[in-house]
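Residues take their numbers from the sequence shown, with the count starting at 1.
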Amino acid sequence: THLSLKDVRLVLDAAEKPINFWLELGSFEGHSAIFASQGLLKYGLHASVVAVDTFLGDRFVHWHGRLTTNSSGDRRRSWSNQMRPDGTMTLFDS
């Protein structure tokens with residue numbers, strides 16, 4: 001995530017009070033939403049956190065593969081086989 005506690009504080013300072021809802025658009029894997037919810041709790045706020053995304057990744061992830069680490073610590077690329085050579089996705093093919 002690129003979100004920092006300072007970022008959370010800036011949003012909280014600028015937001016209309018009371019703060020009871022945090023919406024994250026384009027969450028990818030959700031790490032920023034988790035970090036934001038931890039930040040909210042750190043500042044004593046109990047707000048609902050909603051992360052909106054397809055959670056399928058983006059074309060870069062599908063084209064280049066995702067770097068994963070296995071149980072022995074070896075890192076390797078894995079592909080989801082959802083990207084055609086022309087860059088279009090096969091997600092919704094029947």
Side-chain angles (χ1 to χ4, degrees):
T1 181
H2 300 289
L3 189 68
S4 71
L5 195 55
K6 182 180 178 182
D7 297 325
V8 173
R9 183 79 250 167
L10 287 170
V11 171
L12 296 177
D13 289 343
E16 188 174 320
K17 310 303 186 272
I19 298 168
N20 53 18
F21 188 78
W22 182 285
L23 177 63
E24 179 171 295
L25 300 175
S27 301
F28 188 51
E29 293 178 339
H31 296 289
S32 294
I34 293 168
F35 188 83
S37 66
Q38 292 170 340
L40 290 167
L41 291 174
K42 178 178 174 24
Y43 292 114
L45 299 170
H46 299 280
S48 297
V49 176
V50 175
V52 178
D53 203 311
T54 63
F55 299 103
L56 297 173
D58 60 9
R59 291 186 343 162
F60 179 83
V61 170
H62 293 287
W63 186 260
H64 295 285
R66 183 172 297 209
L67 198 56
T68 58
T69 305
N70 64 18
S71 58
S72 61
D74 297 326
R75 293 177 65 80
R76 62 188 276 287
R77 290 214 179 266
S78 63
W79 281 266
S80 61
N81 296 323
Q82 297 174 338
M83 179 72 83
R84 293 186 193 100
D86 68 359
T88 58
M89 303 295 289
T90 64
L91 294 175
F92 304 108
D93 289 357
S94 53

Between Glu24 and Ser32, what is the shortest heavy-atom contact and its length? OE1-CB, 3.2 Å
With clusters defined by side-chain heavy atoms of hydrophobic residues (ILVMFWY) lying less than 4.5 Å apart, directly or transitively, does Tyr43 cluster with Leu41? no
Report the distance from atom CG of Leu12 to atom CG of Leu40, rounding to the nearest 0.5 Å. 5.5 Å
Please tell me whether Val8 and Ile34 are part of a single hydrophobic cluster in this structure, the criterion being side-chain heavy atoms less than 4.5 Å apart. no
Supply the atom-to-atom distance Ser37 OG to Trp22 CH2, rounded to the nearest 0.5 angstrom. 9.5 Å
CG of Leu5 to CZ of Phe35, rounded to nearest 0.5 Å, is 5.0 Å
Results of side chain to side chain donor-acceptor pair (under 3.5 Å) for Ser72 - residues two or more places apart only: Asn70, Asp74
Hey, does Val11 have a side-chain heavy atom less than 4.5 Å from the side chain of Asp13? no
